[in-house]
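Notes for the one structure printed next.
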Amino acid sequence: DTEVTQTPKHLVMGMTNKKSLKCEQHMGHRAMYWYKQKAKKPPELMFVYSYEKLSINESVPSRFSPECPNSSLLNLHLHALQPEDSALYLCASSHQSQRISYNEQFFGPGTRLTVL
Amino acid sequence: QKEVEQNSGPLSVPEGAIASLNCTYSDRGSQSFFWYRQYSGKSPELIMFIYSNGDKEDGRFTAQLNKASQYVSLLIRDSQPSDSATYLCAVTDRDDKIIFGKGTRLHILP
């Protein structure tokens, strides 16, 4: 299995809603990532989990809350979002190894989020 | 401030010709270098990965890395209309943090 899967594919939510994005991989990767991508912009790193521990938080607002229940799963809990948070949310995973040849990040298909 | 620079394009190349995409990076400690292809509305797809100086070939794609010049390029031979996409150059640092360039839009002319 060489895939990163994400659900849902599309999500429309109001500013008072609580929702969650889910990401799963079964490649044995020990690093997982959340990115946000706006139209015609590169992906922006939000969070990195390494061995199920949060290792990088790129000063993301607290209305985004990541969770890594186990080495295969990564969630992003959303609460009280703003319309400007509308974007494509991408999950990625990679090996976590001293051998740099294992550093490729593989992206899931993304969740297209619209905040009304 | 670690930076990855790419020409935004669009780069227009006739079908069957060689497309040449370039990228420079600022951090000399960068270890791994990637090229991702992204179609509009889709997620980035890894097409090439290189970490040693020199060339790496995979099918119609060749990545070239020159660490002394802090330069990485991607050549696409026999360009096809399906190669039309945005190509993102990405670089990882010692903390495994990936930094993306803004991407180059490539348009293959039929």
Side-chain angles (χ1 to χ4, degrees), chain A residues 2-7 9-10 21 23 25 27 29-51 53-59 87-114, chain B residues 1-10 21 23 25 27 29-54 56 58 61 63 65 67 72 85-107:
Chain A
T2 57
E3 273 193 5
V4 178
T5 59
Q6 289 186 246
T7 56
K9 289 184 180 177
H10 300 276
L21 309 184
C23 174
Q25 57 87 16
M27 295 180 277
H29 289 171
R30 302 312 297 269
M32 296 185 76
Y33 310 78
W34 280 116
Y35 289 86
K36 172 183 176 180
Q37 188 176 26
K38 302 282 267 186
K40 299 190 189 303
K41 299 287 187 185
E44 296 174 38
L45 183 65
M46 300 174 73
F47 302 104
V48 180
Y49 272 83
S50 176
Y51 291 89
K53 287 188 168 55
L54 183 64
S55 61
I56 295 177
N57 177 341
E58 290 289 285
S59 303
L88 180 67
Y89 287 84
L90 295 162
C91 174
S93 70
S94 71
H95 285 284
Q96 188 84 49
S97 169
Q98 293 300 315
R99 292 184 60 182
I100 59 174
S101 56
Y102 286 159
N103 287 354
E104 299 110 304
Q105 285 189 22
F106 297 94
F107 284 85
T111 294
R112 175 74 57 192
L113 174 67
T114 303
Chain B
Q1 179 80 7
K2 298 172 186 173
E3 292 183 343
V4 177
E5 300 284 344
Q6 293 181 256
N7 189 322
S8 62
L21 304 162
C23 173
Y25 59 94
D27 182 11
S30 300
Q31 298 189 347
S32 308
F33 307 85
F34 309 90
W35 284 99
Y36 286 88
R37 177 176 63 197
Q38 188 170 26
Y39 294 112
S40 180
K42 301 293 186 183
S43 66
E45 175 193 3
L46 181 66
I47 54 171
M48 287 296 284
F49 162 57
I50 188 167
Y51 57 90
S52 298
N53 274 326
K56 179 180 179 182
D58 183 2
F61 299 99
L65 175 61
K67 289 187 179 181
V72 57
T86 295
Y87 288 80
L88 297 164
C89 174
V91 172
T92 56
D93 61 18
R94 278 168 262 229
D95 299 320
D96 222 10
K97 188 172 161 182
I98 196 167
I99 303 164
F100 284 90
K102 293 184 177 178
T104 298
R105 283 180 295 133
L106 176 65
H107 183 206

Side-chain heavy atoms of B/F61 within contact of B/R37, under 4.5 Å | yes
For chain A, the option from B/S40, B/S8, B/S43 that forms the most heavy-atom pairs under 4.5 Å = B/S43
Closest approach of A/A87 to A/K36 (non-hydrogen atoms, all atoms of both residues) | CB-CG, 3.8 Å
Side chain, backbone, both or neither of B/E45 within contact of chain A (heavy atoms, under 4.5 Å) = neither
Of A/S50, A/A92, A/P109, A/P43, the largest count of non-hydrogen pairs under 4.5 angstrom with chain B goes to A/P43
Count the heavy atoms belonging to other residues, nucleotides or ligands that lie under 6.0 Å from NZ of B/K56, then report whether that count exceeds 12.
-> yes
Flag side-chain contact, heavy atom, 4.5 Å: B/Y25 against B/C89 | no
Side chain / backbone / both / neither for A/E44 at chain B, heavy atoms under 4.5 Å = neither
